[in-house]
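We name chains A, B, ... by the order of the sequence lines, and we start the count at 1 in each one.
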There are 2 protein chains.
Amino acid sequence: MNGFGSAFLLAQVGAHAAQRFAERIGELDLTPAQVGLLRLVATRPGQSQQAIAAQLGTQPTRLVALVDGLEKRGVLERHRNPEDRRLYALQLTDDGRELMSRIAIEAVAHERALTAALSNDERGVLRELLTKIADEQGLQPGVHPGYAGGRLS
Amino acid sequence: MNGFGSAFLLAQVGAHAAQRFAERIGELDLTPAQVGLLRLVATRPGQSQQAIAAQLGTQPTRLVALVDGLEKRGVLERHRNPEDRRLYALQLTDDGRELMSRIAIEAVAHERALTAALSNDERGVLRELLTKIADEQGLQPGVHPGYAGGRLS
DNA sequence: TATTGTTATACTCTATAACTATA
DNA sequence: TATAGTTATAGAGTATAACAATA
């Protein structure tokens, strides 16, 4: 029992969760920003870099180096859009899809390790409460500021 | 209902909580790092800069500019320790204590706004679950990585 | 010689603005 | 003229190492 409210605990445990996840995917030579990008491309393939930048809440210029690295690594591809040759359509390669499955394995292990103190019922309650907060606060599912890495506006 | 686990939700909601709190204290012309420092000095006055750096999980060199700014502002004071003149003993001024009470007011308002979607009972359950996780994960009460602001190691 | 606090240097990261090509 | 993507420049922020004062 201490004097800290749930808002402080949320920030503290949330930052810890992000750090531990970053360590895990760091073993796959990935950064949180790269995982955020890969996740968006996997969920909705064919989007332009600017569309993805808007969803990540980051600047379009940041995507250039981000996509460069993942493309050089062979997990992501730029395809020119024939209808508008200014746009790229980003898509995963076969290696990219395999990488995503390895990320998913890490995410499951991370989830289990982080909530090791909770029972299955408690895990469900926690997710329910957090979902309520996220909905009321207008947070977009699947994206969080850690992916952007930017400063506070 | 989405496919994201409670670990992801924790990171997402936690980052959102930290951002909103940073916005609030930003209206008091304070950064999260400054608040973390002030909180430690208020809780245990008289500590050296290196002792505080260790608790914040940051480098001692960062504290110089941090303390400089707050001292110039008149909320914090460096007192030489007579027993060991290498050490400073950091203490709040009267203005500093007044500032802390204003921070506390913001913290309460922040808490209420962030958990507006929950009932009082649910708020208690959330705090209980988060405390369980924080204890099991070995997190120190009252300090979180947002105060350090550093990169992942 | 070891330690506290300070300063100086280099490095990383980000944001802003110009530039190329396509429309 | 407007937009997608790229590149270049400058700025903020951090870490590392060297330095002065004290033990």
Side-chain angles (χ1 to χ4, degrees), chain A residues 15 18-19 22 26 29-37 40-41 44-72 76-91 145-153, chain B residues 15 18-19 22 26 29-37 40-41 44-72 76-91 145-153:
Chain A
Q19 269 197 355
D29 273 316
L30 288 172
T31 66
Q34 288 176 319
V35 172
L37 168 59
L40 281 182
V41 175
R44 208 157 8 127
Q47 293 190 100
S48 71
Q49 295 184 185
Q50 296 223 4
I52 286 181
Q55 292 168 66
L56 283 175
T58 186
Q59 307 257 341
T61 55
R62 277 201 63 196
L63 278 186
V64 179
L66 214 56
V67 173
D68 279 352
L70 293 175
E71 191 177 33
K72 201 167 294 177
L76 202 66
E77 280 177 347
R78 284 178 168 103
H79 292 287
R80 278 288 179 194
N81 187 331
E83 300 176 359
D84 187 339
R85 290 179 49 76
R86 293 175 302 183
L87 286 72
Y88 282 123
L90 298 182
Q91 289 182 341
Y147 286 160
R151 297 269 150 264
L152 312 167
S153 56
Chain B
Q19 268 197 356
D29 274 316
L30 288 172
T31 66
Q34 288 175 319
V35 172
L37 168 60
L40 281 181
V41 175
R44 216 169 346 140
Q47 295 191 98
S48 71
Q49 296 184 183
Q50 295 224 3
I52 286 180
Q55 293 168 62
L56 283 176
T58 186
Q59 307 258 339
T61 55
R62 276 201 64 195
L63 278 187
V64 179
L66 215 55
V67 173
D68 279 352
L70 293 174
E71 192 177 33
K72 201 166 297 177
L76 203 65
E77 280 178 346
R78 287 179 168 102
H79 292 287
R80 279 289 179 194
N81 187 333
E83 300 177 357
D84 186 340
R85 291 179 48 75
R86 293 174 302 182
L87 284 73
Y88 282 123
L90 299 182
Q91 289 181 341
Y147 285 160
R151 295 273 150 263
L152 312 167
S153 55

> Nearest whole angstrom, please: distance from the C1' of D:dA4 to the CG of A:Leu90.
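Atom CG in A:Leu90 sits about 12 Å away from atom C1' in D:dA4.
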
> Between A:Gln50 (CD) and C:dA23 (P), how many Å, whole number?
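Checked: the CD to P distance equals 16 Å.
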
> Between atom CD in A:Glu71 and atom P in D:dG5, what is the gap in whole Å?
13 Å

> Tell me, please, which residues at least two apart from A:Glu71 pass side-chain hydrogen bond (donor to acceptor under 3.5 Å, both in side chains).
A:Arg78

> Answer yes or no: does a side-chain N or O of B:Arg78 lie under 4.0 Å from OP1 or OP2 of C:dT6?
yes

> Only counting residues at least two apart or in another chain, list the ones meeting side-chain hydrogen bond (donor to acceptor under 3.5 Å, both in side chains) with A:Asp84.
A:Arg86

> Not counting sequence neighbours, which residues clear side chain to side chain contact (heavy atoms under 4.5 Å, CB included) with B:Ala54? List them please.
none

> Just the rounded figure in Å: distance from C1' of C:dA17 to CZ of A:Arg62.
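The distance from CZ of A:Arg62 to C1' of C:dA17 comes to 18 Å, rounded to the nearest Å.
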
> For A:Ile52 and D:dT6, what is the distance between atoms CD1 and P respectively, to the nearest whole Å?
12 Å

> For a quick test of reading the model: is some side-chain N or O of A:Gln49 closer than 4.0 Å to OP1 or OP2 of D:dA4?
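Result: no.
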
> Rounded to whole angstrom units, what separation is found between the CG atom of B:Leu87 and the P atom of C:dT6?
11 Å

> Is there a side-chain contact between B:Ile52 and B:Val67 in this structure, where contact means two heavy atoms from C-beta onward sitting under 4.5 Å apart?
no

> Where along nucleotides 16-23 of chain D does protein come under 4.0 Å, by heavy atom, of base (B) or sugar-phosphate alone (S), with - for untouched nucleotides?
BB----BS

> With B:Glu77, which residues qualify under side chain to side chain contact (heavy atoms under 4.5 Å, CB included), at least two apart?
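Testing B:Glu77 for side chain to side chain contact (heavy atoms under 4.5 Å, CB included), a comparison that skips the adjacent residues, returns B:His79, B:Thr93.
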
> Can you sort out the partners of A:Gln55 under side-chain hydrogen bond (donor to acceptor under 3.5 Å, both in side chains), two or more places apart, ordered by chain and number?
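side-chain hydrogen bond (donor to acceptor under 3.5 Å, both in side chains) check on A:Gln55 returns A:Gln47.
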
> Atom CG of A:Leu63 and atom P of D:dT6: how far apart are they, to the nearest Å?
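Spelled out: CG on A:Leu63 to P on D:dT6 is 9 Å.
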
